[in-house]
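Before any comments, here is the structure.
Positions are given from 1, in the same order as the sequence printed here. None of these values were measured; they are calculated from a predicted model.
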Amino acid sequence: MNQRGKISSQTPQLQLHSPAPYHSLVFSISKSHSQTRPLRFSQPPLTLSGSQTLPAAVALPRLSPSPRLASTLGFTLNPRVASPPAPFSWPSMAASDAPNGDVLIRNAFGSVLAFLILLLIGVLAFSIRLFSVIKYESVIHEFDPYFNYRVTQFLTKNGIYDFWNWFDDRTWYPLGRVIGGTVYPGLTLTAGTLYWFLHSLNIPLSVETVCVFTAPIFSAFASWATFLLTKEVKGVGAGLTAAALLAMVPSYISRSVAGSYDNEAVAIFALIFTFYLYIKTLNTGSLFYATLNSLSYFYMVCSWGGYTFIINLIPMHVLLCIVTGRYSSRLYIAYAPLSEVLYNQHLLVIPTIPGIGIKIRCELCMVVLGTLLAALVPVVGFNAVMTSEHFASFLVFIIIHVVALVYYIKGILSPKMFKVALALVVSIGLAVCCAMVAVIIALVASSPTKGWSGRSLSLLDPTYASKYIPIIASVSEHQPPTWPSYFMDINVLAFLIPAGIIACFSPLSDASLFAVLYIVLSVYFSGVMVRLMLVLAPAACILSGIALSQAFDVFTRSIKFQLPSLSDHSHIDARDASSENIVPDDTIKTDKSEDTPKERMTKRSKKKEKEPVEKPPTKFQIKKRLSVLPFEASIIAVILLVLLVAFYVVHCVWAAAEAYSAPSIVLTSHSNDGLHVFDDFREAYAWLSHNTDVDDKVASWWDYGYQTTAMANRTVIVDNNTWNNTHIATVGTAMSSPEKAAWEIFHSLDVKYVLVVFGGLVGYPSDDINKFLWMVRIGGGVFPHIKEPDYLRDGQYRIDSMATPTMLNCLMYKLSYYRFVETDGKAFDRVRRTEIGKKYFKLTHFEEVFTTHHWMVRIYKLKPPKNRIRGKNKKSKSKTSSTTTSKRKGTRRNPF
């Protein structure tokens, strides 16, 4: 074991004493253990704490020496004859090692202080996300949260059984949607449970209020989980720093601000807590933490589709430990049946000695129990064992068992027999692996994506979505980020991450190796998809917390070592404390011996008068002084770090107050006249709710489907679930077609109203005109007659006089710019910064029924086929009139 309490790669030497009168095994291990390790014998258990070492001799009665047992355990037996050992007694703590009262008080005070700091971090994480409520109102943000809010309303009103069997006929008309089988229920069940718990305490909060404040509450939980995870990697100081950084990081605030009722609100906490329990299982080897790890993984599966990041990151870490030589034969001891080794009718269980069976046990519970629990989620089901995203965990599961089997056989067989057995095991293993690969190929060969989902393929190949699945590429959060977005979302943490990686390698442990692997993968995935900046945020905070903690530790220690010398005016200069001027003890003595006798007498007299005689510096103090930096440099470095942290805090508060607090449904702008509020979305949805029939169908682009269903309570054709590409392509084709063809498509879908979002008057850039090319691409992917070049002029997308006739005559152009010239007389578009090409036109198959105050939302109604109805009426009237006249004439002519 090294000086930091980590397990050494060398095999501990086990010495065997076999005196005749006693007939007992005596094991002496010269290695110390850094954590509590219970050893179960036939006698009372022996517990090793962090400040103790194994006793010099531990007797195991009625056990005879066995090289096979020792080799299986991974130790080396050295039999020798020794004198009868003294009766075993528990190691007593020396007086010098006994903690005094000051140490106990200091430790207790540190624990209480850490608890108070964590409490304040939780309050900070909750309060910094309330700017949206303070500046605006308690309202749900964005688009997807409205669907989650509607589902939570249904759950709290009808119960969980009706929720699992709920078929929603107001979405994806005429197909509908099975909500219980297509939604991740973690967020909804969490908010519903919180709502029921508060009402059981007679706290009458509405469902909307609970949904608004769910994300800030779980952001505090995520900060505490970050502390636990970082503490397992690098200690309490790094954990507190990382928790404080995560509480304020803008990337996480953007998804957890009050009102952002989305899956990521609880999924990030589940992600971090799952990683913490995994690392805790590695450090302790406890089946209790392994079981909790599986339950936490199950909660993560229920909450977010990003659980595949966990099920791939953890197996990669286990595989990396095997490849880098961190696997030993001791791993298999804990994975033997029931983790037991039966020998001579006595049970010897050593499941928690460092390095024995820890990774195997964690991987077993993570893969087997976690996969079984994940399959219980209806939206996942058999995808947990049928899709390619999960195959990495099963592959590593097989590899670690094969490695354990090889090491076990090597320990119980002779070298010659081992070669034969190894060839047999390898041949059988290859046959099994080939069979499994064949089965996997047969399973995934039927899928055109080879068992991968579209989003997963987009992560592996960033150009895949733009080539084959434009519906995924059309989402703004699926686009790759720009360099300024990194500075906006993680700020100075981007510069601290390399320092944190370096700190993880000194020394390198299983936990620090996991942190390095986590940051490397998250950086790659965030570079592919801007949405996954959210996954990068915890890793960046952990590595930055480690870097800041280590830096403050070095600089403050340098200052602490040199402050007494400055205050006492000692003869040791501050520069002598640096690493360049440290000299051994003998040189110090020779320097002192060169002083004159008078100077020595005066120094001794002064020391006797002022203070007692100081003891010579110990080796530990000299070693610490080797890492001491100059006093002035340490002061400047601490000031710079404080300024860096202060800049980070100011940026995070600004981002939380200004950039990420404004709800997308209520827009604001600042001008010379003051603050302007644009509430056009809620105005339009209120009009639909009060002026249309309950069974009317509303067609719009899929971005606004969730809000229309939740706020207007009207049936929509498509929404943000985007599960049916053909249905969305049909709507995109209708928007891209001329007015008459679009009317026929919408009439076939029983649509009565069409809603478009237009920002040309107020300068709102996220309107349908800017999204129109994606409608063309998605529609053209299913219906070949829609071609993107027909809407471009020399490869440029234009809406002015140089626009193509196809663009000027499509339905989207007409519904957006109808009567737009009446606003300013020029029809100047403030988003595209140009005058439109076609200013005066009339609608023949649609009629305008409502336009909001700022022209942001425009609603049109499909005209009935009047000509066809009139023609039928005329023919029917002519036929009836002719028959009646003929009857009348006939009766007159021939009354009989």
* Asked: Run the side chain to side chain contact (heavy atoms under 4.5 Å, CB included) check on Leu282 and Ile279 step by step: do they pass?
  -> CA-CA 5 Å; Leu282 287 179; Ile279 298 299; 4.1 Å; yes

* To do: Test Leu517 against Leu513 for side chain to side chain contact (heavy atoms under 4.5 Å, CB included), laying out the working first.
  => CA-CA 6 Å; Leu517 183 62; Leu513 182 63; 5.7 Å; no

* Could you go through the side chain to side chain contact (heavy atoms under 4.5 Å, CB included) check for Leu534 and Ile268 one step at a time? => CA-CA 8 Å; Leu534 188 63; Ile268 295 302; 3.6 Å; yes

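Checking side-chain atoms of Ser251 against main-chain N and O of Met533 turns up a donor-acceptor pair under 3.5 Å. Looking at Lys234, its side chain does come within 3.5 Å of a backbone N or O of Ala503 through a donor-acceptor pair. At least one donor-acceptor pair under 3.5 Å links the side chain of Ser522 to the backbone N or O of Ile519. Under the 3.5 Å distance criterion, the side-chain polar atoms of His317 are left unmatched by any main-chain donor or acceptor of Tyr518. Panel note: side chain Tyr486, backbone Gly527; a donor-acceptor pair is recorded below 3.5 Å. Judged by distance alone, with hydrogens and angles left aside, the side-chain atoms of Ser303 form no donor-acceptor pair with the main-chain N or O of Gly186 at under 3.5 Å.
Neither side chain, Tyr307 nor Thr274, offers a donor N or O lying under 3.5 Å from an acceptor on the other.
Ring orientation note: the planes of Phe269 and Phe273 are close to parallel, at an angle under 30° on the 30°/60° scale.
Centroid-to-centroid, the aromatic rings of Phe514 and Tyr278 come within less than 6.0 Å. Ring centers of Phe221 and Trp224: under 6.0 Å apart, within the cut-off.
Nearest heavy-atom pair, Ser509 versus Ser512, reported as atom, atom and distance to 0.1 Å: N-OG, 2.7 Å. Between Pro481 and Val530, the shortest heavy-atom contact is CB-CG2, 3.9 Å. Residues Thr281 and Leu277 share a closest heavy-atom pair of OG1-O, 2.6 Å. In terms of heavy-atom proximity, Phe298 sits nearest to Ala374 at CD1-N, 4.2 Å. A pairwise comparison of heavy atoms in Leu246 and Pro538 identifies CD1-CA, 3.9 Å as the closest pair. Taking every heavy atom of both residues into account, Ser526 and Leu536 meet most closely at OG-CD2, 3.6 Å.
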Donor-acceptor pairs under 3.5 angstrom involving side-chain atoms of residues 416-437: please list them, not counting sequence neighbours.
{"from": "Ser427", "atom 1": "OG", "to": "Ala423", "atom 2": "O", "distance (Å)": "3.0"}
{"from": "Ser427", "atom 1": "OG", "to": "Leu424", "atom 2": "O", "distance (Å)": "2.7"}

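At least one side-chain heavy atom of His478 sits under 4.5 Å from a side-chain heavy atom of Arg531. Using a 4.5 Å heavy-atom cutoff, the side chains of Leu395 and Pro315 are not in contact. Taking 4.5 Å as the limit, some side-chain heavy atom of Val535 sits within range of a side-chain heavy atom of Phe309. Using a 4.5 Å cut-off on side-chain heavy atoms (C-beta onward), Ile502 and Gln550 make no contact. Under the 4.5 Å side-chain criterion, counting only non-hydrogen atoms from C-beta, Asn283 is not in contact with Tyr289. Ile311 has its side chain within reach of Tyr297: a pair of non-hydrogen atoms, C-beta onward, lies under 4.5 Å apart. In this structure, Tyr184 and Val380 have side chains that are in contact, with non-hydrogen atoms separated by less than 4.5 Å. Under the 4.5 Å side-chain criterion, counting only non-hydrogen atoms from C-beta, Ser296 is not in contact with Met300.
When the salt bridge (charged side-chain N to carboxylate O under 4.0 Å, His left out) test is applied to Lys231, no partner is found at least two apart in sequence or on another chain.
The structure places CH2 of Trp304 at 9.5 Å from CD1 of Ile310, a figure rounded to the nearest 0.5 Å. Leu521 contributes atom CG, which lies 4.5 Å from atom CE of Met316 (distance to the nearest 0.5 angstrom). One distance of note links CD1 of Ile497 with CG of Leu543; it measures 6.5 Å at 0.5 Å rounding.
Among Thr226, Leu229, Asn293, the one residue that satisfies the side chain to side chain contact (heavy atoms under 4.5 Å, CB included) test with Phe275 is Leu229.
Residue-environment remark: CZ (Phe288) stays at or below the threshold of 12 foreign heavy atoms within 6.0 Å.
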